[in-house]
Amino acid sequence: MGSAIVKSGIPREEIFLTTKVWIEHYGYKETKKSVFESLRKLKSNYIDLVLLHQPFGDYYGSWRALEDLYAQGIIRAFGISNFYPDRMVDLCSFARIAPNHGHRKDKKTLIVYFTAERGNTENLANYIRSQIGGDIVKSKRLNLIRRRI
């Protein structure tokens, strides 16, 4: 992919690169190693979006690694993939930086997206509300998470 990007002549800033960290690369050190390997393969000095593939293994350590890589400017955004609402809420409770992108396929193979931009948490709140089938305003735990993001 990296060679194709270079050969295309398209400026890097006009290409949006996304990659996932697979569960066999979870944990703080392994996730950082995986992202740097992706950078090497993509022949880029940053990645636009990195997703954690599933909520298994040491996804807490992986999340910390992504938070640190984001703070260093190595990744521009990061989020989750295939996380069910309870795992997403769990991660938001743990995270210094809440997921700013996520998607998953439900049982009907529909894809659900959310984005939580700084200062605008309505999309994330609506996503959680749609998944738990309730009023987020009545959930003390979810409101605490929502205030954090």
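Hydrogens, waters and symmetry mates play no part in the numbers below; they use all other heavy atoms, side chains included.
Taken to the nearest 0.5 Å, the CD atom of Gln54 stands 7.5 Å off from the OG atom of Ser81. Annotation: the span from Ser38 atom OG to His25 atom NE2 amounts to 8.5 Å, rounded to 0.5 Å. Atom CG of Asp48 and atom OG1 of Thr19 lie 11.5 Å apart (nearest 0.5 Å). For the atom pair CD1 (Ile80) and OG (Ser62), the distance works out to 13.0 Å, reported to the nearest 0.5 Å. Rounding to the nearest 0.5 angstrom, the gap separating the OH atom in Tyr28 from the NZ atom in Lys33 is 14.5 Å.
Taking each heavy atom of Val50 and Val21 in turn, the nearest pair found is CG1-CG2, 3.7 Å. Residues His53 and Asn82 come closest through the heavy atom pair O-ND2, 3.3 Å. When all heavy atoms of Leu17 and Ile47 are compared, the closest pair comes out as O-CG2, 3.5 Å.
Looking only at side-chain heavy atoms (C-beta outward), Arg40 and Val35 stay at 4.5 Å or farther from each other. Contact of the Leu52 side chain with the Phe78 side chain is not registered, since no non-hydrogen atoms from C-beta on lie closer than 4.5 Å. Taking 4.5 Å as the limit, every side-chain heavy atom of Trp63 sits out of range of all side-chain heavy atoms of Arg96. The closest side-chain heavy-atom distance from Trp22 to Thr31 is not below 4.5 Å. You'll find the side chain of Lys41 stays beyond 4.5 Å of the side chain of Phe36, heavy atoms only. Considering only heavy atoms from C-beta on, Leu69 comes within 4.5 Å of Lys32 through its side chain.
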Quiz: residues 2-9 side-chain donor-acceptor pairs under 3.5 angstrom, not counting sequence neighbours:
residue	atom	partner	partner atom	Å
Ser3	OG	Lys43	NZ	3.1
Ser8	OG	Ile5	O	2.7
Ser8	OG	Ile10	N	3.1

Would you check, one step at a time, whether the test side chain to side chain contact (heavy atoms under 4.5 Å, CB included) holds for Gln72 with Tyr46? CA-CA 10 Å; Gln72 295 168 15; Tyr46 69 94; over 6 Å; no

Side chain to side chain contact (heavy atoms under 4.5 Å, CB included) assessment of Arg12 paired with Ser44: CA-CA 8 Å; Arg12 168 61 184 92; Ser44 180; 3.0 Å; yes

Ile74 vs Leu39, side chain to side chain contact (heavy atoms under 4.5 Å, CB included): CA-CA, chis, key distance, verdict: CA-CA 9 Å; Ile74 294 169; Leu39 287 166; 3.5 Å; yes

Under the side chain to side chain contact (heavy atoms under 4.5 Å, CB included) rule, what do Tyr59 and Asp90 come out as? Steps first, then yes or no, please. CA-CA 11 Å; Tyr59 65 91; Asp90 178 61; 3.0 Å; yes

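The stretch residues 54-66 participates, sequence neighbours left out, in these salt bridge (Lys or Arg N to Asp or Glu O under 4.0 Å) pairs: Arg64-Glu67.
Cation-pi geometry between Arg76 and Tyr70 is not met at under 6.0 angstrom from the ring centre and within 45 degrees of the axis.
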